[in-house]
Visitor: 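This structure is in structure tokens; I'll ask about it shortly.
Start at 1 and go down the list; that is how both ligands and their atoms are numbered. Just so you know, these numbers use all the heavy atoms, side chains as well, and skip hydrogens, waters and symmetry mates.
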Amino acid sequence: MQKKNYKESWVLRVINIKSEREIALMKEAGHLNYLTHEEIKKHLHPGVTTKELDTIAHDFIVKNGGTPSCLGYEGFPASTCISVNDEVVHGIPKNRKLKNGDIVSIDFTVRKNGYESDAARTYIIGNVDENVKNLVKDTEQALYEGIKLIKPGIHLGDISNAIETYAHNHDLSVVEELVGHGIGASMHEDPDVPNFGKKNTGIILKEGMVLAIEPMLNLGGKEVCMLEDNWTIVTEDESPSAHFEHTVAVTKDGYEILTGE
Ligand code: MF3
Ligand code: CO
Ligand code: CO
């Protein structure tokens with residue numbers, strides 16, 4: 001008898017396939033996520049605190065019939081993750097004022113209709129060096145390089161590889177410890193969506209899968225560590241980091257971005 005790794009054999013991985021109706025409901029959640037990002041954008045200027053931005057997002061989501069589902073998720077104490085400069089992700093909003101020369105990543109989930117949506121953007125406050133400008137621009141483009149391949153029949157590794165290749169071609173490093181994910185009634189579902197990998201590997205995409213794709217790219221090295229607050233992930237070499245994320249459905253012949261306009 002062939003011996004099998006016990007753990008491997010009993011862990012059942014299920015990728016939920018969403019019906020058209022479910023995707024329509026997720027799109028409503030995604031649209032509120034988009035509108036909340038647009039609302040926050042109006043208040044981004046030197047002097048605003050990350051806590052103030054969090055409150056704006058929280059109140060906007062609630063007012064529009066959604067739930068800020070980051071709040072309380074595994075004990076996370078806010079409605080948004082706000083990560084400044086060398087903070088990669090999961091920064092906790094606090095009494096820190098944004099200032100000229102900062103970059104700020106804002107990432108949050110919105111729950112509506114029983115479904116989650118997840119999206120992140122990085123903004124530049126005032127003036128930054130050319131290489132930091134490029135970091136932000138290229139991280140956003142890396143997200144779209146991954147998204148534009150999406151259709152039934154491609155391998156998940158094709159997305160990962162496109163993001164990694166774009167990042168490396170633009171002299172950016174890829175954070176490996178944190179990955180994108182499936183999303184639906186739960187914030188984090190299978191499969192993992194790494195931002196690095198090989199073409200023609202991994203699962204094959206099918207219509208009705210919904211993925212949160214989220215490159216986290218650094219200007220310096222790829223290594224990251226966690227601060228003592230047990231949430232904030234920062235780059236080890238303190239170089240700036242950018243993060244963009246969309247929730248994307250696999251459609252019959254392509255994709256639909258659910259957290260877009
Ligand atoms: N939005 C994050 C993601 O992209 C998850 C945040 S979890 C929280 O997966 F607890 F920090 F809110
Ligand atoms: Co997110
Ligand atoms: Co996510």
Side-chain angles (χ1 to χ4, degrees), residues 15-16 18 26 29-38 40-41 50-51 53-55 57-58 61-62 66-84 87-94 104-112 115-123 139-140 142-144 146-147 150 156 159-160 163 174-196 209-217 224-234 241-250 255 257-260:
I15 298 173
N16 294 321
K18 281 84 178 175
M26 288 190 76
H31 187 60
L32 180 52
N33 191 311
Y34 166 82
L35 292 175
T36 308
H37 272 286
E38 291 295 297
I40 294 170
K41 195 160 91 176
T50 55
K51 180 69 200 162
L53 296 173
D54 183 71
T55 302
H58 174 277
I61 294 167
V62 171
T67 305
S69 45
C70 284
L71 186 60
Y73 179 83
E74 292 188 9
F76 189 75
S79 300
T80 58
C81 299
I82 305 188
S83 312
V84 182
E87 298 173 351
V88 181
V89 286
H90 301 169
I92 301 175
K94 54 178 190 274
V104 58
S105 301
I106 300 175
D107 177 19
F108 53 88
T109 51
V110 172
R111 187 175 183 85
K112 199 175 179 185
Y115 290 94
E116 297 284 349
S117 61
D118 194 357
R121 304 179 186 180
T122 300
Y123 294 100
T139 304
E140 182 169 26
L143 168 61
Y144 288 105
I147 289 175
I150 296 179
L156 192 69
I159 302 173
S160 304
I163 294 171
V174 175
V175 174
E176 294 176 356
E177 280 83 352
L178 298 133
V179 296
H181 47 94
I183 180 167
S186 302
M187 184 191 303
H188 295 132
E189 299 186 354
D190 281 332
D192 281 353
V193 185
N195 296 301
F196 60 94
M209 290 181 180
V210 183
L211 304 173
I213 304 180
E214 49 179 315
M216 288 149 269
L217 305 184
V224 296
C225 40
M226 192 189 274
L227 295 186
E228 277 178 3
D229 62 15
N230 279 325
W231 277 105
T232 315
I233 306 293
V234 294
S241 182
H243 180 210
F244 282 84
E245 176 174 29
H246 269 310
T247 298
V248 186
V250 184
Y255 64 86
I257 297 176
L258 304 183
T259 42

Visitor: Pick one of side chain, backbone, both or neither for how C70 approaches ligand 1, counting any non-hydrogen atom pair under 4.0 Å.
Guide: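 Answer for C70: both.
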Visitor: With a 4.0 Å cut-off on heavy atoms, does A212 reach ligand 1?
Guide: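 Distance cut 4.0 Å: A212 fails for ligand 1.
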Visitor: Could you grab the distance from atom OG of S186 to atom CZ of R111, nearest 0.5 Å is fine?
Guide: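 Here the interatomic distance stands at 7.0 Å.
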Visitor: Is there side-chain contact between T80 and P68, with heavy atoms separated by less than 4.5 Å?
Guide: no
Visitor: Polar-atom distance check: D107 versus ligand 1, any N or O pair below 3.5 Å?
Guide: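 Yes: some nitrogen or oxygen of D107 is under 3.5 Å from one in ligand 1.
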Visitor: So F108 and I40, do their side chains get closer than 4.5 Å, heavy atoms only?
Guide: yes
Visitor: Are any of the N/O atoms on E245, whether in the backbone or the side chain, positioned under 3.5 angstrom from an N/O atom of ligand 1?
Guide: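 Min N/O separation from ligand 1 is below 3.5 Å for E245.
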Visitor: What distance separates S117 OG from H246 NE2, expressed to the nearest 0.5 Å?
Guide: 11.5 Å
Visitor: Is the distance between the ring centroids of H188 and Y73 under 6.0 Å?
Guide: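 So the answer is yes for these two rings.
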Visitor: With respect to the Co ion (ligand 2), what is the nearest N, O or S atom of D107?
Guide: OD1
Visitor: Below 4.0 angstrom from a heavy atom of H188, which ligand 1 atoms are there? Numbered from 1 as shown, please.
Guide: 3 (C), 5 (C), 9 (O)
Visitor: Answer yes or no: is there a side-chain heavy-atom contact under 4.5 Å between M226 and I233?
Guide: yes
Visitor: Return yes or no for this condition: an N or O of D118 is under 3.5 Å from an N or O of ligand 1.
Guide: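 Looking only at distances, the answer is yes, because the N/O contact criterion of under 3.5 Å is met.
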Visitor: I need the atoms of ligand 1 closer than 4.0 Å to a non-hydrogen atom of E214, numbered in the order shown.
Guide: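 Heavy-atom distances to E214 below 4.0 Å select 3 (C), 4 (O), 9 (O).
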Visitor: Could you identify the single nearest non-hydrogen protein atom to atom 11 (F) of ligand 1 and state the distance to 0.1 Å?
Guide: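 Result: C81 SG, 3.3 Å.
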Visitor: So, is H188 placed with an N/O/S atom under 2.8 Å from the Co ion (ligand 3), counting both backbone and side chain?
Guide: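 Checking the Co ion (ligand 3) against H188, no N, O or S atom falls under 2.8 Å.
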Visitor: Check whether any heavy atom of W231 sits under 4.0 Å from an atom of ligand 1.
Guide: yes
Visitor: Answer whether the closest heavy-atom distance between the side chains of V174 and I163 falls below 4.5 Å.
Guide: no
Visitor: Nearest to the Co ion (ligand 3), which N, O or S atom of H181 do we find?
Guide: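 Going through the N, O and S atoms of H181 one by one, NE2 ends up nearest to the Co ion (ligand 3).
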Visitor: Taking just the N, O or S atoms of E245, which one is nearest to the Co ion (ligand 3)?
Guide: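 Atom name returned: OE2.
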Visitor: Side-chain contact test, heavy atoms from C-beta onward, threshold under 4.5 Å: evaluate it for L211 versus P191 and give yes or no.
Guide: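 Side chain of L211 against side chain of P191, heavy atoms only: contact under 4.5 Å found.
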Visitor: Between Y73 and ligand 1, is there a nitrogen or oxygen pair with a distance under 3.5 Å?
Guide: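 Looking only at distances, the answer is no, because the N/O contact criterion of under 3.5 Å is not met.
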Visitor: Find out whether C81 and F76 are in side-chain contact, i.e. whether some heavy atom of one side chain is under 4.5 Å from a heavy atom of the other.
Guide: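 With C-beta onward as the side chain, the pair touches.
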Visitor: Looking only at N, O or S atoms, which one in D118 sits nearest to the Co ion (ligand 3)?
Guide: OD2
Visitor: Give the name of the N/O/S atom in E214 that lies closest to the Co ion (ligand 3).
Guide: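 This turns out to be OE2.
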Visitor: What's the separation between atom CG in D118 and atom CD1 in I213, rounded to the nearest 0.5 Å?
Guide: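 Reported to 0.5 Å precision, the distance equals 11.5 Å.
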